[in-house]
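Since we're looking at a predicted model, the values are computed, not measured.
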Number of protein chains: 2
Amino acid sequence: MAEQSLFKLKDGWNLEIPEIDENQIVNYGSNLLCGNGYLAYRGTLEEWGKDQYKACIVSDTYDMADGKWRELSNAPDGLYSRISIDGQDFAHDPGSLDLKTELNFNYRYGIFERQTQSNREERNYQILSARFASYDNLHLIANQYTVSGTEKAEVLKFKIGIDGDVWDLNGTHLKNFSSDYDSEKNILYIKAETVEEEIEVVTALSFKINSQLQNIAVEEKEKAIFLIIEVNNPDQKEIRIERNLIIYSSNDRKDPLKQALEDAENCLEFSYEELLKKHKAKWDQRWERADIKLKGNLMDQLAVRFNLYHNIIATPTHSEYLPIGARGLSCQAYQGAAFWDQEIFNLPMFMYTDLESAKNILKYRYHTLDGAREKAADLGYDGAFYAWISGKSGKELCPSFFFKDVISGRKIRNHFNDWQIHVSPDISYSIWKYYLAADDIDFISKYGAEILFEIARFIHSRVHFNSYKDQYELIRLLGPDEYHENVDNNAFSNYQSQFALKIALYFYFKLQNEKPQELKKIVDKIDLKENEITAWQEIKEKIYLPKPDSESKLIEQFDGYFDLEDTTAEVLEDRLIDKSEYWGWPNGVAVFTQVIKQADVIQLFTLHDLFSEDVIAANYDYYEKRTQHGSSLSPSQYAIVAARLGRSEEAYRYFKKSAYIDLKSSNKAVSGGTFIGGVHTAAAGGIWQVLINGFAGMKLKKEGLFFKPNLTEEWEELEWKLIYKQAKLKLKLTQSEFEVNSDKANAKEIEFKVFNKKYNIEPGEKIKISL
Amino acid sequence: MAEQSLFKLKDGWNLEIPEIDENQIVNYGSNLLCGNGYLAYRGTLEEWGKDQYKACIVSDTYDMADGKWRELSNAPDGLYSRISIDGQDFAHDPGSLDLKTELNFNYRYGIFERQTQSNREERNYQILSARFASYDNLHLIANQYTVSGTEKAEVLKFKIGIDGDVWDLNGTHLKNFSSDYDSEKNILYIKAETVEEEIEVVTALSFKINSQLQNIAVEEKEKAIFLIIEVNNPDQKEIRIERNLIIYSSNDRKDPLKQALEDAENCLEFSYEELLKKHKAKWDQRWERADIKLKGNLMDQLAVRFNLYHNIIATPTHSEYLPIGARGLSCQAYQGAAFWDQEIFNLPMFMYTDLESAKNILKYRYHTLDGAREKAADLGYDGAFYAWISGKSGKELCPSFFFKDVISGRKIRNHFNDWQIHVSPDISYSIWKYYLAADDIDFISKYGAEILFEIARFIHSRVHFNSYKDQYELIRLLGPDEYHENVDNNAFSNYQSQFALKIALYFYFKLQNEKPQELKKIVDKIDLKENEITAWQEIKEKIYLPKPDSESKLIEQFDGYFDLEDTTAEVLEDRLIDKSEYWGWPNGVAVFTQVIKQADVIQLFTLHDLFSEDVIAANYDYYEKRTQHGSSLSPSQYAIVAARLGRSEEAYRYFKKSAYIDLKSSNKAVSGGTFIGGVHTAAAGGIWQVLINGFAGMKLKKEGLFFKPNLTEEWEELEWKLIYKQAKLKLKLTQSEFEVNSDKANAKEIEFKVFNKKYNIEPGEKIKISL
Ligand SMILES: [Ca+2]
Ligand SMILES: [Ca+2]
């Protein structure tokens, strides 16, 4: 396996890269990312710059620089460092043969470490640097930067500071730079503002150095401020700089500069180690509930934690107003914006391990209702049609002309924005799941119901009644499989839409009975009419749902899918004129074939419990052959379904495909000069589901919590925690036994079923079930 | 003007081409076509072959040779001739400098004449040849072929016969050739069969020669039979061959060979002149009602007759089972098949000048109902969805992948077949007009009603109800403007569909009252249910019809049209990567702009009388700027609307654009090696409408016949005939007067309105109205 040559394992938390492989620089940046949901700093060396995809992406800084892509901004780089020793640069620039650098990343605490030493005996210097994005103060990146082996050197020059000439995907986002250095406090800063929204972004830097300073010169440029620090006759064993990089934007504070300088100054009261301690304490709390222990394969254990870590740091759990980016904060790709991935892939882990964060994720959809209403109205619909690419406002960020025809150079009108409607019912689905998991009717009455009603409204306005067939239909869709635009009655979208209507009606009547005043408030607010409820009921009854064929058991992905050319992704590869061309709309190689980009019908099975096992198996066998997995969302869904079908080898194969997408860097991060990389956060979130919903076979339904374990033979044991109906559970699964522990502080008995046998567990009780 | 250099005018019937322009050979073939609705022989010299686009297209011989295009077959060429005089070829082959050829075509009788003579004094030979496709025996092409000036020559060798190596657009259609020569009767033939349908096609040739024959040798080849005829020491003033070319297929007769030989033999009893006389008599009958006399511009007079002639010979008036090809029988382009052109462009002239032919044209749609039903069912609809490209069976001949992306070489999935639904309601519309013009309820009860009901059914199954907007919609359409596929609520299609429902309902209730038994027969036959009638009524009431904006008066061509980029065809020209690329679906230069291929909203105004003049004017001004006229259907519609708006100059300009499309050969006939030429029969039919519906301002409505003359100042007088409610009328329009004559044999008084003033004309009466 490729990963063995790329990294070494010490334990289930640390990834060691013995030597930098320059071809992997772009992937290190994402995989070794320090982040905390507010910001993230890419895993790059301090001496590198934008050519090495160095970046510090900051949440809540959406800005459009090129007239097309609204994306997060990248803050000026406050960890910039160059050293010269006796007049000679000491830096691991790409292409340099002199130095050897080892990297280590700790996924428990998100600590990036680099250790660089010269290959040449006469220059036996070392750089040792460690950094973390604080989980205690989300605006802080702390760095300890040590140079050693320089005892015999005469003059060391450090150039540190803040560099505003940053990497940007789509246009330069920062303008109007100002900077200053306070030599008494040892604090410097850069203030800039974004080009479109004029959001102020401040990067402040405070530092300490364990050495007598000979001289400090300030170098101010248009977009940068640097200090040239000279240390003469060091004689010291090591020279250590401790840096506190503080970032605030005007979306965080009215006066971000003041706050940044305050924080920077405060940090100087603590050593790096002290800051780290506070940081670790927060992570320990997080892992207490989030960790999944896996025995039997250390690499898989690390990979699981890699994915959990990335799902966590991608998520702005501190805020209820921000989305989870499809690449988290690992880069600007996918605009730092939410897709349906947020609810369907990232959310479940939080739903069972951190209810507050889960609520924040869902509240984000509440706060962006107006954006979704605006989108619906713009397209002539009612209610809430959530953005395909959703930033802070919830307005549609997806440009109409998305891809480019690489053969003609002409832009392509993709309809991800207008036709991919399942994003709205997917949100309804997740609200339902949250409700079942958290038993939280208050959330529904305060936030959920309004979302659900507006989505039901949208569906009402989006369906068409076919009086000839006496059925409601969804016309002109794009399902999860994006290679087939402009289809009718996409099974996934139709089932999800019906489900969204069911849930809206369920809570309408539940609130009518149990919280009539809260319902009235919502009804008045959104002017909901009785005849709308009647319409939802009728549509729910009469919406067309593609059923499994009585003989083949197959569910057609959309009207006419089975009439398309039946071929495989391999055959289509050969039809490409240009390797980089888009396979889908309007005339790509997959359009007129049954080759699909990703799980579509299959994903219905991971979300719902509607079909018998033989139907699921038949569809799995059919669609699996035709799936290209051109989306990182796909393998986890196949893994879950394979696990549930008891196809252990298949499930494990798809687990690996999903878990190692980033670690193995199997997807190209740069294509034709365009950066398409970054962390696949949906795959990260998907891994939690593969383990819990797949191998542990957990299903949450209105009727209760169900387990049907199918642990892969590759592993000996899986141990995880759940919060279910506010009760804390610890679960352990081996090849022969399934153990459930109920925390003794739990308030009540919890019921669950294993292989359809009912169990009730009291607080403090442990139940062991032989498999 | 270009035409002046290309041809000379003798009178209003004859077109003279003083000298062959080799660049025009492909256009001569179409423009100088001898035809009779059963077959047509292209205007080529006898010595030419397939490289000069020589062809004799025969109706009712649909066959598919290439797996994609079903098209008419081209019969073996029985006029093949080569002469050698004293061992030297005497032939006007392209590139030859020796000979000069003058062409003459007579549009009254469809007579093609060529006169060739040597440029060199020492070889002062001449070929004089005349031919016509008999209007008396539709299977006959008669040719008189004369060589003169050869008195001093010693040996003349004629090579005549039948050459089966013919020009084909899409694959070779003939196989299994057999041939024979009967030397006693002087009859030879070739029999072949089409490759797919195995239709037998027989070409027989009988001939006379006014000379002693020295020797006749037979040369039989795989696909040809030739006679080498030697005439020694001619001494004659001229040697004349009179040939009768007879064509039958097994779709005409069980034993086409027997019939062809019989006809060929019969013809020998008549001289060329005698055959011509019978032929002319039939044409005289035809022109008696069809001719339009125009004073004031001889060229325009000829152009009008050119168009009337081509509309007539394109139409298989002899049959009720055959379509009018979009290029008539002038070539295989457009598959010899009917489009909506047939009813909307070709039919009106017949509807007012030849009721039997008009009925045959409409009966064709009755006989192809099963094809339309099959298409509807295949696509999941009910009733009759007529083929976009309709051959004999009415099955859809339009291939799904129609155009090619010339940049990538990849085929394009155009949806002319599946989404261009207006063809069905267009047929309903024409049945209504025929009914109004002919007052023929019997046709409705025998043929029309069943068509109308099945089309209403189709519309019922094709619309979708939007309960949110409380309206029926037509989703995913292609309107007349083919550059915009996949649009919703195309104004033209929606209005036409509503109209089709209205007419179906009108006749349902009319027959219920007046012919209940006939209605019952149809209801039983097609199993029509009461609730379908209710559904049609509801859809008729609630179908969405884009209304003129209250301020701008504009009608939106389809949902969202006004949001598209507002530019012009000239700007788009500059965006072409390849001059030959398709402008439309999926990614052509016009797709995301308001530039349209042809009249769309504007055509609504020529068909219906729904809008006030200011609405029509506003829309004319708006859409005219944005119309590329990429279709030959477009200019005639603009001409009619301009004439009705009293915009005389504009109307005349569009009249010329339409009338001279073929005469001026302004459209390329060959593009990138592909033949796209032939006679634009819809433009030919459109000219009748420009004169009568445009300049004479005739409108036929349920309320009666209306005239609102707007004669262009370019002309002095227009004289034409009409059959209206079985009465024969003769009409004359000058700048100052409108005269109507009612034939004294008419049975009853006829009412009409001129500028909304009512007139009643008795049989034999003449009414003069000062303008
Ligand atoms: Ca400054
Ligand atoms: Ca023979």
Side-chain angles (χ1 to χ4, degrees), chain A residues 376 378-383 400-401 403-413 415 418-419 457-476 485-486 488-489 531-532 534-536 538-539 542 559-560 563 575-578 581 585-589 591-592, chain B residues 376 378-383 400-401 403-413 415 418-419 457-469 471-476 485-489 531-532 534-536 538-539 542 559-560 563 575-578 581 585-589 591-592:
Chain A
D378 282 353
L379 293 169
Y381 304 119
D382 196 15
S400 287
F401 291 87
F403 286 114
K404 212 176 179 178
D405 176 350
V406 294
I407 300 158
S408 69
R410 213 165 261 165
K411 58 193 182 173
I412 293 177
R413 173 63 169 104
H415 303 84
D418 294 355
W419 298 349
R457 271 185 162 167
F458 164 64
I459 293 165
H460 174 202
S461 70
R462 183 57 168 79
V463 293
H464 280 95
F465 186 64
N466 183 327
S467 75
Y468 168 58
K469 293 183 180 166
D470 193 33
Q471 66 190 19
Y472 284 90
E473 300 185 345
L474 282 164
I475 306 294
R476 199 182 278 124
E485 301 196 22
N486 199 29
D488 295 347
N489 297 315
N531 62 5
E532 295 186 75
T534 318
W536 301 350
E538 190 189 307
I539 298 163
K542 288 194 169 181
D559 292 353
D563 300 332
R575 296 186 190 167
L576 292 172
I577 294 165
D578 182 315
E581 62 174 297
W585 180 272
N587 217 17
V589 291
V591 172
F592 306 104
Chain B
D378 281 353
L379 293 169
Y381 304 120
D382 197 15
S400 287
F401 291 87
F403 286 113
K404 211 176 179 177
D405 176 350
V406 293
I407 299 157
S408 69
R410 214 165 259 164
K411 58 193 183 172
I412 293 177
R413 172 63 170 104
H415 303 85
D418 294 354
W419 298 349
R457 270 186 164 167
F458 164 63
I459 293 165
H460 174 201
S461 70
R462 183 59 167 78
V463 294
H464 280 95
F465 186 64
N466 184 327
S467 75
Y468 168 59
K469 295 182 178 165
Q471 66 190 18
Y472 284 89
E473 301 186 343
L474 281 165
I475 306 295
R476 199 182 277 124
E485 302 196 20
N486 200 29
V487 305
D488 294 346
N489 296 315
N531 63 5
E532 295 185 75
T534 319
W536 300 351
E538 190 189 308
I539 297 164
K542 290 195 169 181
D559 292 353
D563 300 331
R575 296 187 190 165
L576 292 173
I577 295 166
D578 183 314
E581 62 173 299
W585 180 272
N587 217 17
V589 292
V591 172
F592 305 105

*Quick one: do the B:Arg413 and A:Asn587 side chains pair a donor with an acceptor below 3.5 Å?*
no

*Can you measure from OG (A:Ser408) to CD1 (B:Ile577) and round to the nearest 0.5 angstrom?*
4.5 Å

*Nearest heavy-atom pair of B:His460 and A:Ser467: which atoms, and what distance?*
NE2-OG, 2.9 Å

*Among A:Arg462, A:Lys469, A:Glu581, A:Arg457, residue most engaged with chain B (heavy-atom pairs, under 4.5 Å)*: A:Glu581

*Would you mind telling me which of B:Asp405, B:Ile539, B:Ile475 has the largest number of heavy-atom pairs within less than 4.5 Å of chain A?*
B:Ile475

*Go through B:Asn486, B:Val463, B:Asp488 and name the one with the most non-hydrogen pairs under 4.5 angstrom from chain A.*
B:Asn486

*Nearest-0.5 Å distance that lies between atom OH in B:Tyr468 and atom CZ in A:Phe458*: 11.0 Å

*What part of A:Glu532 gets closer than 4.5 Å to chain B, counting heavy atoms only: side chain, backbone, both or neither?*
neither

*Provide the closest heavy-atom pair for B:Arg575 versus A:Arg410 in the form atom of the first, atom of the second, distance.*
O-NH2, 3.1 Å

*For B:Lys411, is it the side chain, the backbone, both, or neither that has a heavy atom closer than 4.5 Å to a heavy atom of chain A?*
backbone

*Go through the atoms of A:Val589 and report whether side chain, backbone, both or neither lie under 4.5 Å from a heavy atom of chain B.*
both

*For B:Glu473, what residues pass the side-chain hydrogen bond (donor to acceptor under 3.5 Å, both in side chains) criterion, not counting sequence neighbours?*
A:His464, B:Asn466, B:Gln471

_Could you check whether B:Phe592 and A:Phe401 have their ring centres less than 6.0 Å apart?_
yes

*Residue selection (most heavy-atom pairs with chain A, distance under 4.5 Å) from B:Val591, B:Asp578, B:Ile407, B:Asp382*: B:Asp382

_Inter-residue atom distance B:Asp559.CG - A:Leu379.CG, 0.5 Å rounding_ = 11.5 Å

